[in-house]
Amino acid sequence: MRFRHILFDLDGTLLPMRQEQFVAYYMPLLAGAYEKQKEGVDKKALIAAVWDGYKAMIGNDGSRTNREAFWEHMEGRLPVPQKEAEEIALDFYRDDFNRAKAVTHPSLWAKKAVKAAKENGGKVYLATNPVFPRCATENRIRWAGLDAADFEIITTYEDCRFCKPDPRYFSDLLERFSLDPEECLMAGNDVEEDLAAAEVGISTFLVTDTMENFKNLPIRSDYQGSLQELAGFLSMAV
């Protein structure tokens, strides 16, 4: 079977990492960005508020963008006015956020997988969970040794209204780009989030190097293997 459209996850897939380690590293950095602006910030309370904002995005019903869902939920929960709070966050994601690359493990096979898909005429899409601003996602793409221009689209919190594992995240991509799900392949490492693509008829490839299955769900993927094996698979399946 030949796939024309390859949807790649980023964190844990094209950019190998352990999600819990990554979050534990960068969240205090984000809290520190607010502490620089206002003394006496309760970092634990701020991190808890950010987590609640994340949950608001995951539960977004599509009536607003994920960015709107996040910042509406954060109203009154940060030590500075909302507009300033968002500016601080964006400044952080453009700059100090890059320190978090230290807990990722870039692989040359990421670039080879993307190249393999494109060399045979396939189109590639960065189907990363859209809970970050675009600037943060573009930085993580660079950490992986890739370029934003490699992808037809990058899903970010500014322009998405759903998150994985909601199947509507995938159906929205299909609709926006007029894609036939039978011609698509979703490659990702998260059993719950990425394999949800199957619910809208998209074939799945589970990347096992840093596979995550926090809920110990049954694994139902059409294909699976390492990032290296994904690159080899794409050289034949696209």
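Keep in mind the model is a prediction, meaning the values are calculated, not measured. Scope of the values below: all heavy atoms of this structure, side chains included, with no hydrogens, waters or symmetry mates. Starting from 1, each residue takes its place in the sequence as its number.
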Same cluster or not: [X] versus [Y], using hydrophobic residues (I, L, V, M, F, W, Y) connected whenever any side-chain heavy atoms lie under 4.5 Å apart?
X    : Y    : value
V124 : L179 : no
I6   : I141 : yes
L227 : I219 : no
W51  : Y34  : yes
M186 : Y223 : no

Item to complete: Dump the intermediate steps for side chain to side chain contact (heavy atoms under 4.5 Å, CB included) on H105 and D209, then the final yes or no.
Response: CA-CA 11 Å; H105 310 283; D209 305 72; over 6 Å; no
Discussion item. Is it the case that atom CG in L217 sees more than 12 heavy atoms from other parts of the structure closer than 6.0 Å?
Written reply: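 Atom CG in L217 is crowded, with more than 12 foreign heavy atoms closer than 6.0 Å.
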Worksheet item: Got more than 12 heavy atoms from elsewhere within 6.0 Å of CZ, R4?
Response: no
Are the side chain of [X] and the backbone of [Y] linked by a donor-acceptor contact shorter than 3.5 Å?
X    : Y    : result
D194 : A187 : no
T210 : G12  : yes
D172 : Y169 : no
D180 : E182 : yes
E84  : P81  : no
T13  : N189 : yes

Item to complete: Each residue besides L90 in its hydrophobic cluster should be listed here, by chain and number; the cluster joins Ile, Leu, Val, Met, Phe, Trp and Tyr at side-chain heavy-atom distances under 4.5 Å.
Response: none
Worksheet entry | Residue of the set E72, E86, E158 for which salt bridge (charged side-chain N to carboxylate O under 4.0 Å, His left out) holds with R67 |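 Of E72, E86, E158, salt bridge (charged side-chain N to carboxylate O under 4.0 Å, His left out) with R67 is met by E86 alone.
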Discussion item. Given K36, which partner from the list D91, D95, D96 fulfils the salt bridge (charged side-chain N to carboxylate O under 4.0 Å, His left out) test?
Written reply: D96
Worksheet entry | Residues that N216 engages under side-chain hydrogen bond (donor to acceptor under 3.5 Å, both in side chains), provided they are two or more places apart | none
How long is the span from the [atom1] atom in [X] to the [atom2] atom in [Y], to the nearest 0.5 Å?
X    : Y    : atom1 : atom2 : answer
L46  : M27  : CG    : CE    : 9.0 Å
L206 : S226 : CG    : OG    : 11.5 Å
R134 : D159 : CZ    : CG    : 7.5 Å
L14  : S107 : CG    : OG    : 9.5 Å
K123 : E183 : NZ    : CD    : 11.0 Å
K55  : I58  : NZ    : CD1   : 11.0 Å

Closest non-hydrogen atom pair, [X] against [Y]:
X    : Y    : value
P133 : T156 : C-CB, 4.3 Å
P165 : E193 : CB-CA, 3.9 Å
N66  : C163 : ND2-SG, 3.4 Å
L174 : C184 : CD2-SG, 3.9 Å
A113 : L234 : O-CD1, 3.4 Å
S203 : D222 : CA-OD2, 3.2 Å

Worksheet item: Does the side chain of V200 reach to within under 4.5 Å of the side chain of P181, using non-hydrogen atoms?
Response: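 Contact flag for V200/P181 side chains = no.
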Worksheet item: Which is it for W71 and L78 under the side chain to side chain contact (heavy atoms under 4.5 Å, CB included) test, yes or no, and what are the steps along the way?
Response: CA-CA 10 Å; W71 289 107; L78 293 173; 3.7 Å; yes
Item to complete: State which residues pass salt bridge (Lys or Arg N to Asp or Glu O under 4.0 Å) with E212; sequence neighbours excluded, sorted by chain then number.
Response: none
Practice prompt. Apply side chain to side chain contact (heavy atoms under 4.5 Å, CB included) to the pair R176 and I153, showing each step before the final yes or no.
Written response: CA-CA 10 Å; R176 286 164 63 186; I153 190 177; 3.0 Å; yes
Worksheet item: Do any pairs count as a salt bridge (charged side-chain N to carboxylate O under 4.0 Å, His left out) and have a residue in residues 6-17, sequence neighbours left out, and if so which ones?
Response: D9-K164, D11-R140
Worksheet item: Under the ring pair (Phe, Tyr, Trp, His ring centres under 6.0 Å) rule, what pairs show up with a residue in residues 199-218, not counting sequence neighbours?
Response: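 Listed by first then second residue: F205-F233.
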Worksheet entry | Listed once per pair and sorted, the ring pair (Phe, Tyr, Trp, His ring centres under 6.0 Å) pairs that draw on residues 108-155, sequence neighbours left out | H5-Y125, Y26-F132, Y93-F132, F97-F132, F97-W143, Y125-F177
Item to complete: Report the C-alpha distance between L230 and F8 in whole Å, list the side-chain angles of each, state the deciding distance to 0.1 Å, and finish with yes or no for side chain to side chain contact (heavy atoms under 4.5 Å, CB included).
Response: CA-CA 11 Å; L230 172 63; F8 287 102; 4.0 Å; yes
